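The shown structure was predicted, so the numbers you read here are calculated from the model rather than taken from an experiment. Sequence lines set the chain letters: A, B, ... in the order given, protein chains first and strands last, and positions in each chain run from 1.
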Amino acid sequence: MNEQALLGIADDELIVGWRDSEWTGIAPMLEEDVAFSSIAQNEIGHARAVYSLLSEDPDALAFDRTPEEYRSAPLVELRLLDWAHTIARRWLYEVADEIRLTALKDDPDPAVAGLAGKIDREEAYHRMHAEMWHDRLHDEPRFQTAVEELWPYALGVLPAEARGELVERVGLTEVEAVERGKHTDALAPLWEEMTMVRRSAPAGAQW
Amino acid sequence: MGARRGASGLIYEVFRQERRGQPFEHAGSVEAPDADFAEAWAREQYGRRGESVALWLVPRDAIRDVEDWADEFDLKYRRVDGYSIKARLKEARERAGAAGDR
């Protein structure tokens with residue numbers, strides 16, 4: 001897989017992890033708060049692993065680019081203020097991510113394929129978590145509305161040729177995708193926050 | 001009996017095993033709407049730092065409480081504290097010591 005595509009995956013994981021971690025301390029149930037925060041942390045860990053595959057300095061790749069240089073999909077950038085949308089995104093993202101990882105496990109580059117396998121073993125648990133919420137909420141109108149609103153964004157997570165499976169798994173008809181490459185207005189403020197500490201640190205600071 | 005149903009669901013008691021072969025010990029509880037949620041949440045609360053190799057989740061309702069034993073006739077010979085072994089042990093040691101001297 002080419003570097004830009006890998007960078008897209010890493011950026012997705014970083015941004016979705018960052019967004020989901022915004023629920024830390026305020027998730028609807030204490031137990032879910034712990035679980036959701038832990039999953040968010042795992043996603044950031046996956047981003048780190050993929051950045052490390054692409055660069056000697058994963059932090060620089062994660063934090064020293066301008067917002068325009070990120071390859072993240074608009075789905076992960078959205079700042080979602082209610083739980084129905086947050087869980088809808090989590091579920092849609094996990095379904096798309098599984099399709100993407102399954103392909104990546106067959107990558108001709110053994111380092112990429114190996115890492116995909118490693119990430120997938122952790123994602124299996126994320127999928128279990130997302131499916132459990134989906135099973136419980138799929139008949140709820142608020143959740144259905146959220147899934148429908150996010151659907152064009154979910155399609156944009158995958159390259160066009162991989163979307164058929166997503167359509168099949170989610171059970172909605174294919175619509176025009178919100179494509180990767182153009183960012184939502186939500187990214188810039190997130191980037192401000194995400195890179196603030198690194199930008200304000202004195203040169204040569206060690207972490 | 002304490003509350004078995006909390007605001008969002010059932011209470012599951014969680015037992016965790018720290019290493020293979022060791023006994024499961026009570027770790028705490030989770031409150032969850034069903035067994036799948038209980039599993040997901042218990043995994044995080046009692047396992048995400050590698051502190052467990054396995055968990056048992058038991059709905060609190062499935063636990064039968066047993067907590068009192070009638071002991072009206074002071075049958076203390078049945079209890080582990082029934083005999084004072086200390087004095088007997090001392091005696092036995094002295095005997096053994098004396099035998100060794102011979």
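For chain B, the nearby parts of A:Met132 are the backbone and the side chain; heavy atoms of each come within less than 4.5 Å.
Ring orientation note: the planes of A:Trp133 and A:Trp83 are nearly perpendicular, at an angle over 60° on the 30°/60° scale. Using bins of under 30°, 30° to 60° and over 60° for the plane-to-plane angle, the ring pair A:Trp18/A:Phe63 lands in the perpendicular bin.
Partners of B:Glu18 according to the salt bridge (Lys or Arg N to Asp or Glu O under 4.0 Å) rule, which considers only residues two or more places apart in sequence or in another chain, are B:Arg16. Partners of A:Ala73 according to the side-chain contact (heavy atoms from CB on, under 4.5 Å) rule, which considers only residues two or more places apart in sequence or in another chain, are A:Asp12, A:Val157, A:Arg180.
Applying the salt bridge (Lys or Arg N to Asp or Glu O under 4.0 Å) test to pairs two or more places apart or on separate chains, those with a residue in residues 43-55 of chain B are B:Glu39-B:Arg43.
Applying a 4.5 Å heavy-atom cutoff, the residues of residues 112-125 of chain A that approach chain B are A:Tyr125.
Within the 4.5 Å cutoff, the side chain of A:Trp191 has no heavy atoms near those of the A:Arg65 side chain.
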